[in-house]
Amino acid sequence: MIFGAFEKQDLDLNFDVTVRSGVASLVARSHDSLRVDSEATESSVDLPPGSRTELDSTGGSKQKRKRSITPRKPDIEGSIASDKLAMKMEEDSSDAGVLLQQMNEEHPKKRVKQESDAIAEGFKVKKEEDRDDAFLISVSTWDRKEGKLKKEDKEESGEDPMMDVELEDEDLTSGMEVDADDIDAWMRWTTLAHGGVLFPPPYEPLPSAVKMLYNGQPVDLPPESEEVAGFYAALIYSDVVQDHIFPTNFFEDWLGVLQKYPPRDDTKIDNFDLCDFRPMFEHFESEKAAKKAMSADEKKEMKTAKEYLEAPYAICILDGMKEKVGNFRVEPPGLFRGRGNHPKKGKLKLRVRPEDITINIGEDSPIPVPNIPGQWKKVIHDHTVTWLASWVENINGHNKYVFLAPGSSLKGQSDMNKFEKARELKSHIDTIRKGYEADLDSKVTADRMRATAMYFIDKLSLRAGNEKGEDEADTVGCCSLRCQHLTLETPNIILFDFLGQDSIRYFNRVQVSSQIYGNIRIFKENKVDEDLLFDHITTSGLNRYLGTYMAGLTVKVFRTYNASIIFQGLLSERNLDGRSVEEKVNTYNAANRDIAILFNHRRSVPGQADSHEVALGTSKMNYLDPRITVAWCKASDVPLEKIFSKSLIDKFSWAMSVDEEWQF
DNA sequence: TCGAAGACTTGGAAGAATTTTG
DNA sequence: CAAAATTCTTCCAAGTCTTCGA
């Protein structure tokens, strides 16, 4: 009895695309076992009952819940005081070496690793050295942050005069009694030095021979409007432009720019159909070709120059440790590429200036100087957040942040916390399942809806499904499912068909109990297609309910939990004795694939419109506890590099030391 | 109490780099 | 060897969930 089968033809609308190594179907027979059938490999595996709830004795340290108390935040906002301005780093000295030196002078007790030779030369650091170093750093920082080391932690931070100031400040200004322990819990760093963000180079006007045509005639555009025209010109043959919304939004915004910066030859542009961007497109193409045709040496030289330019921004010093920064390059202007049917796609994403950017940095660290003219919007010293810089993008008004790289200790710490929380769910899952099963026939509609939603979240790993606005793509998750997204088929089959995150289609035919089936029929009664299926529940209500079972439990934890526990079960079922490394890797990938299919992780196949294949990377990156993989590799003698790329090994450095017995 | 703002994780596309194939 | 295929990295959009503020 097949439950929730992905059928080949369901994976895309018009094309017969082969899902190459297996179409898996999730088979749920009872709440105690989930089965993943891999049709193509003709193998089916069952998790032994109980394996999902097996308790683990190695349980990690209980992490203190971040912000479990809600005292008023200390006033952390700073200003660009004139004396600080004087301390600004000089353009060519704002590199890691200088940052390190400063940190050493100001915090002599925070032993900053002296690597003057390597770091002073920044970009010249050899890759291998760099990696070893990063590994050492993240391990030691991680130790420091372990809950049991908190005492030491406190003593250490006590050495920093700024911490004392913050604490006193808090005690004075808030009526609430907050002990130093609590403050400590939501401080994410003590000292932080960094080089700010790297702005893209200013726009360079096209050669005068390259002009767009309007009504067949070349138009002399000023650089400001030429730049925006160029954004569109680069896309004229691409798929993103082949609908109505994109060009319409582009044209509207471009007309706005043209009003301010009209053609110098007084051409009046008001009809999009008369615009011919092909000369610009061809120019870009030939530039691309020229770049491609460069000799290997030239390419290498350019790369080195780029790394040299970026070196001061690529790392920061957090609590005395060198850490990689993630997205230090400011997003260049362009046309907004919303996914799916986004009503704002094609709109102009403006160039970000220093005046748009808030810098978050340690009080004692030199304030970086922007690499283009201008002053930062403001400089703050917020120890409770992990971002180095932020700005508001103009399309949706959302905040954007510069964070540390995935391999940093800060990110590694959160990542480990995430998986530890998922492991904690193991000891509550039975109670939770009993709870929602009992509520499936509740007389209270809200409870019955919540129970039914929980069933989908638990069994199908659906996302929570927060409410979305009119000015966003119409996508849904569990709580935002509408009647039109579920079709009932006899006997007891539910057909799910909706667009999830990134407008990826979720199509699944699922056999359910008559209780679930009946519930859905009731929830759909007297409603139209556009009505909410679960109109008596919300994501925040659902999360509040989950929180009563386990502190910090939310819907998303179920995804992490399900992915990791099922994956581990799949791996442990295969006896790999005497198999070649290649066969073992194939087994691993098959299990990974089953998870990716359950989670509906897909990517489009280049060239073939609307056709998708299973993507393994997302689950590996976000949902599968890396310690499962490390332990499996050790136990089965498979080099980790066969499974994790360099950047994943870096990201998961916190997980490398588990032994082969380790269990999720 | 509730909508908006804020902070962080999750996600696919595109481009770059590397490996395989012919 | 080149080009095709595959894998990895970068980019930045789109989620989740918490906190803020009226």
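Every chain is numbered from 1 and lettered A, B, ... according to where its sequence line falls, protein lines coming before strand lines. Keep in mind that the numbers below use all heavy atoms, side chains included, and drop hydrogens, waters and symmetry copies. Because the structure is a prediction, the values reported are computed rather than measured.
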Margin query: Any non-hydrogen side-chain atom of A:Tyr232 less than 4.5 Å from a side-chain atom of A:Val241?
Written below: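 Answer yes - side chains close enough.
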Under 4.0 Å, heavy atoms only, any strand: does [X] hit a base, just the sugar-phosphate, or nothing?
X	answer
A:Gly338	sugar-phosphate
A:His601	sugar-phosphate
A:Asn466	base
A:Pro406	nothing
A:Thr475	sugar-phosphate
A:Gly465	sugar-phosphate
A:Gln501	base
A:Ser414	sugar-phosphate
A:Phe403	base
A:Asn543	sugar-phosphate

Which whole-number value in Å describes the distance from [X] [atom1] to [N] [atom2]?
X	N	atom1	atom2	value
A:Glu310	C:dC11	CD	C1'	13 Å
A:Trp387	C:dT19	CH2	C1'	15 Å
A:Asn622	C:dA14	CG	P	17 Å
A:Asn360	B:dC8	CG	C1'	14 Å
A:Glu582	C:dT6	CD	C1'	15 Å
A:Leu462	B:dT10	CG	P	17 Å
A:Lys292	C:dA2	NZ	C1'	11 Å
A:Lys642	C:dC8	NZ	P	11 Å

Check: Closest nucleotide of DNA chain C for A:Ser503 versus for A:Lys620: which of these residues is on the 5' side?
Finding: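 The answer here is A:Lys620.
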Margin query: Please compare A:Ala464 and A:Glu393 by the position of their nearest nucleotide in DNA chain C and report the one closer to 5'.
Written below: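 So the residue in question is A:Glu393.
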Closest to the [X] side chain: [options]?
X	options	answer
A:Lys418	C:dC11, B:dG6, B:dT10	B:dT10
A:Ser647	B:dC8, C:dT9, C:dC12	C:dT9
A:Tyr401	B:dA7, C:dC12, C:dG15	B:dA7
A:Lys646	C:dC17, C:dT9, B:dC8	C:dT9
A:Pro332	C:dA14, B:dC8, C:dC12	C:dC12
A:Glu331	C:dT16, C:dC12, B:dA7	C:dC12
A:Ser645	B:dT9, C:dA14, C:dT9	C:dT9
A:Lys556	C:dC17, B:dC8, B:dG11	C:dC17
A:Val385	C:dC17, C:dG15, B:dA7	B:dA7

Lys/Arg N to Asp/Glu carboxylate O, [X] vs [Y], below 4.0 Å:
X	Y	result
A:Asp415	A:Lys418	yes
A:Arg188	A:Asp319	no
A:Lys421	A:Glu424	no

Item checked: Earlier contact from the 5' end, DNA chain B, for A:Asn399 and A:Ala615 ->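 Checking each residue's closest nucleotide, the 5'-ward one belongs to A:Asn399.
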Check: If you pin A:Val392 and A:Thr560 to their nearest nucleotides in DNA chain B, which one's is more 5'?
Finding: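 The residue closer to the strand's 5' end, by nearest nucleotide, is A:Val392.
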Checklist line | Ring center gap for A:Tyr588 and A:Phe567 short of 6.0 angstrom | finding: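 Between A:Tyr588 and A:Phe567, the centre distance is under 6.0 Å.
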Classify the ring geometry of [X] against [Y]: parallel below 30°, tilted from 30° to 60°, perpendicular beyond 60°.
X	Y	answer
A:His601	A:Phe599	tilted
A:Tyr506	A:Phe496	perpendicular
A:Tyr237	A:Phe281	perpendicular

Check: To 10°, what angle do the rotation axes through the five end pairs on each side of the helix from B:dT1-C:dA22 to B:dG22-C:dC1 form?
Finding: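 Rounded value for the end-axis angle: 10°.
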Next item on the list: Please collect all ring pair (Phe, Tyr, Trp, His ring centres under 6.0 Å) contacts where either partner lies in residues 338-357 of chain A, sequence neighbours excluded, each pair once.
Entry: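 Counting only pairs at least two positions apart or across chains, the ring pair (Phe, Tyr, Trp, His ring centres under 6.0 Å) contacts touching residues 338-357 of chain A are A:Phe336-A:His342.
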Check: How far apart are the closest heavy atoms of A:Arg463 and A:Val555, and which atoms are they?
Finding: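 Minimum heavy-atom contact is C-CG1, 4.3 Å.
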Note to self: Please find the pair of heavy atoms, one from A:Tyr545 and one from A:Met454, that lie closest to each other, and give the distance.
What the structure shows: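 The pair with the smallest heavy-atom distance is CE2-CG, 4.4 Å.
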Check: Any donor and acceptor pair, going by atom type alone, linking the side chain of A:Thr587 with main-chain N or O of A:Glu583 inside 3.5 Å?
Finding: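 It does hold such a pair.
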Notebook entry, point to check: Taking A:Asn394 for the side chain and A:Leu350 for the main chain, is one N or O donor matched with an acceptor at less than 3.5 Å?
Noted result: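 Flag set: sc A:Asn394 to bb A:Leu350 pair under 3.5 Å.
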Notebook entry, point to check: Mind checking what makes side-chain hydrogen bond (donor to acceptor under 3.5 Å, both in side chains) contact with A:Lys620, not counting sequence neighbours?
Noted result: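 side-chain hydrogen bond (donor to acceptor under 3.5 Å, both in side chains) list for A:Lys620, sorted by chain: empty.
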Extract from the structure each pairing of a protein N or O with an N or O of nucleotides 3-5 of chain C at less than 3.5 Å, listing the distance.
none

Distance check: side-chain N/O of [X] vs OP1/OP2 of [N], anything under 4.0 Å?
X	N	result
A:Thr554	C:dC17	yes
A:Thr539	C:dC17	no
A:Lys400	C:dA13	yes
A:Ser540	C:dC17	no
A:Arg463	B:dG11	yes

Notebook entry, point to check: Under the side chain to side chain contact (heavy atoms under 4.5 Å, CB included) test, which residues partner A:Pro354, sequence neighbours left out?
Noted result: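 With neighbours one apart ignored, the set is A:Phe199, A:Pro370, A:Ile372, A:Trp376.
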Distances for protein N/O vs nucleotides 13-17 of chain B N/O pairs under 3.5 angstrom?
unit_1	atom_1	unit_2	atom_2	d
B:dA13	OP1	A:Ser604	OG	3.0
B:dA13	OP2	A:Ser604	N	2.8

